[in-house]
S.K.: 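Sending over a structure as structure tokens; questions will come in a sec.
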Amino acid sequence: MVGEAVRSAYLKFPDRSDFVPAEAEDGGIVFYYSDDSGFAKANLLSYMLGLSAPFIKAERYKIFEFMESFGGEVEDVSVASGDSFDVETSNILTSSYDDAPIITAVNQIVINAVKSGASDIHFEGRDNAFLVRFRIDGVLNTFRRFPKGVQEPMIARIKVIASLDVAEARRTQDGRINLKIGNRDVDIRVSCMPSVNGEKVVLRILERSSEFATLHQIGLTGRLYDIYRPYLDRPNGIILVTGPTGSGKTTTLYASLIAMNRENKNVLTIEDPVEYHIDNITQVQVNPAASITFANAIRAFLRQDPDIILVGEIRDNVTAEAAVQASLTGHLVLSTLHTNDAPTAVSRLIEMNVEPFLLSGSLLLSIGQRLVRKVCPHCAEQVRADETIKKLFAKEGVDMDSYLKGKGCSDCFSTGYRGRIGVFELLEINDPIRRLINRSASAFEIQEEALKHGYNTMFMHGIELIKSGITTPEELLSVTRAGE
């Protein structure tokens, strides 16, 4: 057991997330550290206490496990805010070592999530435990495991700072938290839901930044950019971005707005919710209670002399028809649609009772997209492809003998991946495809015709990313199938 003197000195460090003292097999002390900063702190603590102890490099999750050995209670969670993450939130997330344990724990979890680039925090109960999980680069990983008794007070604390009803645990609730962590302005959307293991809470992290992702940064580069960019200068028509939830559609729309010359344009958006604020455009939030729906907003926009209209999502035939009418009356409309690929967007809109002849005259471009994780540049190495991957890619006429893959390091949390990028397919609506739309052709027929005119599927784009060392075959196969 680590002595009280060591434990007390260790707990005085404001950021303890990258090093920890532990008991060695011979009964002495050993220091585990995750990076250079952790090593420096461990060395300082060893010097302060006059210890002669070995130093061992370990992964971050191992350090968290050792930290739990200091009693295993909430009050022993490390403060991982770091020197540059002073929290200024009107006392919502301010904390010190003497604060209530639950408040401190919630503070530290949120700060850790923002620092690590997590998009979501999941607080969820199990039969005998309470888990905190982070979604980083689209993948959920367990960050902390607490005793079951922590669940109710921790969720109650989250409800308090989100201005929700603490006493209500039988229905869903939604709230919002606005934070400033260091120089970062952060919006957090809170969703509470009852379950058989107690309430589950998900926090979605949205960082408000003056720097938005560009078309090049999201992956629309080279030939794809040359095809897509001119469409943003069209005076009228519809551009659709398609894909499942979490595939980066909204980010693509925002990047498109950033790429436009907005100084001499009247740009109006209707979104649910407005996730990021952009200069020089008017953004409207959906509010059914005030009769502000997608369709109603589009009709109102037409009386505001718009040049460009962004519709957050086409969900029903009323919105679809309003978007088509707006495009036919001389406006450029950008929107998203939940379909598996670009060609399916056409049949989906026809299913929504949009007249084929109106659709063929208004649709300019359909974009299909997914997100794949990028190979970590700090631990990338060349590896040989196994036989299964070779055979899958050989069927598509691609030789996949070797590729870059991350072996895992502290920079990528031992995953081998760091960040994400889009894989895209761009379906241009030319005259042959318009004729197919007019006779309500299937998505397969539309794709077959498009392939004759230079259309490339997401799988084809993904192969280019693999050859460039940006992603891996495993990632590409996880989001798309060979031959799609």
Side-chain angles (χ1 to χ4, degrees), residues 11 16-17 20 60-81 87 89 91-136 138-179 181 186-206 246 413:
L11 291 174
R16 305 184 294 275
S17 63
V20 66
R60 188 67 65 96
Y61 76 91
K62 282 289 185 186
I63 290 174
F64 287 140
E65 289 179 0
F66 282 117
M67 287 161 62
E68 288 183 332
S69 67
F70 288 101
E73 297 300 326
V74 176
E75 56 263 34
D76 294 321
V77 178
S78 69
V79 177
S81 60
V87 184
T89 60
N91 294 324
I92 289 180
L93 278 183
T94 54
S95 66
S96 69
Y97 182 66
D98 297 324
D99 283 338
I102 293 296
I103 296 175
T104 304
V106 173
N107 298 350
Q108 294 158 357
I109 289 166
V110 172
I111 294 168
N112 269 297
V114 173
K115 286 181 65 177
S116 61
S119 60
D120 303 272
I121 311 172
H122 292 242
F123 297 85
E124 50 194 34
R126 296 289 187 265
D127 287 341
N128 298 305
F130 179 56
L131 303 185
V132 178
R133 302 201 289 169
F134 291 173
R135 186 180 296 280
I136 301 174
V139 178
L140 269 177
N141 289 295
T142 300
F143 171 70
R144 286 301 308 270
R145 179 183 292 269
F146 291 102
K148 182 69 173 176
V150 171
Q151 182 171 356
E152 288 189 12
M154 190 170 286
I155 288 178
R157 172 60 185 168
I158 295 169
K159 287 182 175 180
V160 167
I161 59 179
S163 300
L164 300 178
D165 186 351
V166 177
E168 180 57 73
R170 296 171 297 176
R171 62 179 177 86
T172 60
Q173 295 188 72
D174 296 309
R176 187 170 182 170
I177 306 169
N178 295 316
L179 308 179
I181 300 178
V186 180
D187 280 343
I188 297 180
R189 308 290 166 83
V190 182
S191 174
C192 303
M193 182 177 67
S195 76
V196 294
N197 286 315
E199 281 189 281
K200 174 175 178 175
V201 175
V202 176
L203 274 57
R204 185 180 185 193
I205 300 171
L206 301 169
F413 301 97

S.K.: Report the distance from atom CG of Asn141 to atom CD1 of Ile136, rounding to the nearest 0.5 Å.
M.R.: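 Answer for the CG-CD1 pair, Asn141 versus Ile136, is 6.5 Å.
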S.K.: If I compare all heavy atoms of Ile205 with all of Ala118, which pair ends up nearest, and what's the gap?
M.R.: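 Shortest heavy-atom contact: CD1-O, 3.6 Å.
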S.K.: What distance do Asn107 atom CG and Ile102 atom CD1 have between them, rounded to the nearest 0.5 Å?
M.R.: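 Result: 11.0 Å between the selected atoms.
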S.K.: With a 4.5 Å heavy-atom cut-off, do Pro101 and Thr104 have their side chains touching?
M.R.: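 They are not in contact (no side-chain heavy atoms under 4.5 Å apart), so the answer is no.
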S.K.: Quick one: are Ile103 and Arg157 in side-chain contact, heavy atoms under 4.5 Å?
M.R.: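 When only atoms from C-beta onward are counted, Arg157 and Ile103 do touch, with a gap below 4.5 Å.
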S.K.: Taking all non-hydrogen atoms of both residues into account, name the closest pair between Asn197 and Lys148 and its distance.
M.R.: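 Minimum heavy-atom separation between Asn197 and Lys148: O-NZ, 3.0 Å.
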S.K.: Please give me the minimum heavy-atom distance between Val201 and Cys192, naming the atom from each residue.
M.R.: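 Distance-wise, the nearest heavy atoms are CG2-SG, 3.7 Å.
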S.K.: Nearest 0.5 angstrom please: Arg135 CZ to His122 NE2, how far?
M.R.: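 Nearest 0.5 Å value for the CZ-NE2 distance: 5.0 Å.
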S.K.: Side chains of Val190 and Lys159, heavy atoms from C-beta outward: is any pair under 4.5 Å?
M.R.: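 Not in contact.
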S.K.: Pick from Arg133, Met154, Arg144: which one makes a side chain to side chain contact (heavy atoms under 4.5 Å, CB included) with Phe123?
M.R.: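 The side chain to side chain contact (heavy atoms under 4.5 Å, CB included) with Phe123 is passed solely by Met154 among Arg133, Met154, Arg144.
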S.K.: Looking at Asp187 and Arg176, does any basic side-chain N land under 4.0 Å from a carboxylate oxygen?
M.R.: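 Yes, this pair counts.
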S.K.: Heavy atoms, side chains only, cut-off 4.5 Å: are Thr172 and Met193 in contact?
M.R.: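 Yes, close enough: below the 4.5 Å cut-off.
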S.K.: Please tabulate, for side-chain N and O atoms in residues 160-169, each donor-acceptor pair with protein atoms closer than 3.5 Å (sequence neighbours left out).
M.R.:
{"unit_1": "Asp165", "atom_1": "OD1", "unit_2": "Ala167", "atom_2": "N", "d": "3.0"}
{"unit_1": "Glu168", "atom_1": "OE2", "unit_2": "Arg170", "atom_2": "N", "d": "2.8"}

S.K.: Going from CG on Asn178 to CG on Leu206, what distance comes out if it is rounded to the nearest 0.5 angstrom?
M.R.: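 Atom-to-atom, Asn178:CG and Leu206:CG are 10.5 Å apart.
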S.K.: Rounded to the nearest 0.5 Å, what separates atom CG in Leu203 from atom CD1 in Ile177?
M.R.: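 Reported to 0.5 Å precision, the distance equals 5.5 Å.
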S.K.: Just say parallel, tilted or perpendicular for the rings of Phe130 and Phe146, cut-offs at 30° and 60°.
M.R.: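 Rings of Phe130 and Phe146: tilted, as their planes differ by 30° to 60°.
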S.K.: Say you draw a straight line from CG of Leu131 to CD of Gln151; how long is it, rounded to the nearest 0.5 Å?
M.R.: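 Going from CG on Leu131 over to CD on Gln151, the span is 9.5 Å.
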S.K.: Check Arg145 against Ala129 and note the closest heavy-atom contact, atom names and distance.
M.R.: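 Here Arg145 and Ala129 meet closest at NH1-CB, 3.6 Å.
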S.K.: Do Asp120 and Phe134 have side-chain heavy atoms sitting under 4.5 Å apart?
M.R.: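 Not in contact.
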